[in-house]
Amino acid sequence: MIKAEVLNQKIRLDAETVAANSVNFLKMKFILDSSWNNTLKTAVFESGETGDKIAVILEEGNTLYLGDNTCLVPHEVIKPPFFSVSINGIADEKVITTIPSKIKVY
């Protein structure tokens with residue numbers, strides 16, 4: 001499991017590399033500071049190979065969401081040379097976005 005510590009608009013990941021082609025295996029847990037309280041959170045994964053983006057809403061009812069701000073990383077992005085992740089949150093008039101962070105894929 002990759003832990004993603006989110007402080008305001010920055011993500012700090014505890015993993016630098018992962019193995020390619022995992023399906024329904026690689027998890028990411030978002031540890032959010034208080035600025036993210038009461039927001040609808042969406043993790044956005046982007047393939048470094050194709051540029052395709054997949055959004056995962058961090059709420060019950062999404063098949064990739066596992067609870068407790070944890071989700072499966074979409075297998076479509078786990079391809080060399082890397083994938084990136086960012087997160088955004090929306091609440092009333094407030095929108096928070098982060099700078100994407102990259103993870104190398106072998």
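Atom set for the values below is all heavy atoms of this structure, side chains included, hydrogens, waters and symmetry mates excluded.
- Residues Val73 and Lys27 fail the side-chain proximity criterion, which asks for heavy atoms closer than 4.5 Å.
- Interatomic distance, CG of Asn38 versus CG of Asp92, reported as 9.0 Å (0.5 Å rounding).
- Hydrophobic clustering places Val6 together with Leu13 (ILVMFWY residues linked when any side-chain heavy atoms are closer than 4.5 Å, directly or through intermediates).
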Side chains of residues 96-106: which donor-acceptor partners sit under 3.5 Å, not counting sequence neighbours?
{"from": "Thr98", "atom 1": "OG1", "to": "Ile87", "atom 2": "N", "distance (Å)": "2.9"}
{"from": "Thr98", "atom 1": "OG1", "to": "Ile87", "atom 2": "O", "distance (Å)": "3.3"}
{"from": "Ser101", "atom 1": "OG", "to": "Ile11", "atom 2": "O", "distance (Å)": "3.1"}

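- Put simply, the side chain of Leu26 reaches to within 4.5 Å of the side chain of Ile2, judged on heavy atoms.
- Tyr65 and Ile57 make their closest contact through CB-O, 4.0 Å (heavy atoms, listed as atom of the first residue, atom of the second, distance).
- A donor-acceptor distance shorter than 3.5 angstrom exists from the side chain of Asn62 to the backbone of Leu64, with no hydrogens or angles considered.
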(request) Given side chain to side chain contact (heavy atoms under 4.5 Å, CB included), test Met1 with Thr70 step by step and report yes or no. (result) CA-CA 9 Å; Met1 178 184 303; Thr70 303; 4.3 Å; yes
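- Contact detail for Gly51 and Glu46: the closest heavy-atom pair is O-OE2, 3.6 Å.
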(message) What verdict does the side chain to side chain contact (heavy atoms under 4.5 Å, CB included) test give for Asp68 and Lys29, after you've listed the backbone C-alpha separation in whole Å, the side-chain angles of each residue and the deciding distance to 0.1 Å?
(response) CA-CA 8 Å; Asp68 194 28; Lys29 178 175 180 60; 2.6 Å; yes
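- Phe83 CZ to Lys53 NZ: the interatomic distance, rounded to the nearest 0.5 Å, is 15.0 Å.
- Note that CZ of Phe30 and NZ of Lys3 are 13.5 Å apart. Values are rounded to the nearest 0.5 Å.
- Cluster membership for Val18 and Val44, using ILVMFWY side-chain heavy atoms within less than 4.5 angstrom, is not shared.
- Met28 has its side chain within reach of Val85: a pair of non-hydrogen atoms, C-beta onward, lies under 4.5 Å apart.
- Shown here for Pro74 and Ile78, the closest heavy-atom pair between the two residues is O-CG1, 3.6 Å.
- Legend: residues meeting side chain to side chain contact (heavy atoms under 4.5 Å, CB included) with Asn8, ordered by chain and number and at least two apart, are Asp33, Ser35.
- Judged by distance alone, the side chain of Lys41 and the main-chain N or O of Thr39 form a donor-acceptor pair under 3.5 Å.
- Heavy atoms of other residues, nucleotides or ligands lying less than 6.0 angstrom from NZ of Lys94 number more than 12.
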(request) Decide yes or no on side chain to side chain contact (heavy atoms under 4.5 Å, CB included) for Glu76 and Asp52, but give the supporting numbers first. (result) CA-CA 9 Å; Glu76 296 90 344; Asp52 292 342; over 6 Å; no
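- Applying the salt bridge (charged side-chain N to carboxylate O under 4.0 Å, His left out) criterion to Glu5, with sequence neighbours excluded, gives Arg12.
- Between atom CD of residue Glu59 and atom CG of residue Asn69 there is a gap of 10.0 Å, rounded to the nearest 0.5 Å.
- Ile31 and Val56 fall into different hydrophobic clusters, where Ile, Leu, Val, Met, Phe, Trp and Tyr residues are linked whenever their side-chain heavy atoms come under 4.5 Å apart, directly or through other members.
- Annotation: the span from Leu7 atom CG to Trp36 atom CH2 amounts to 10.5 Å, rounded to 0.5 Å.
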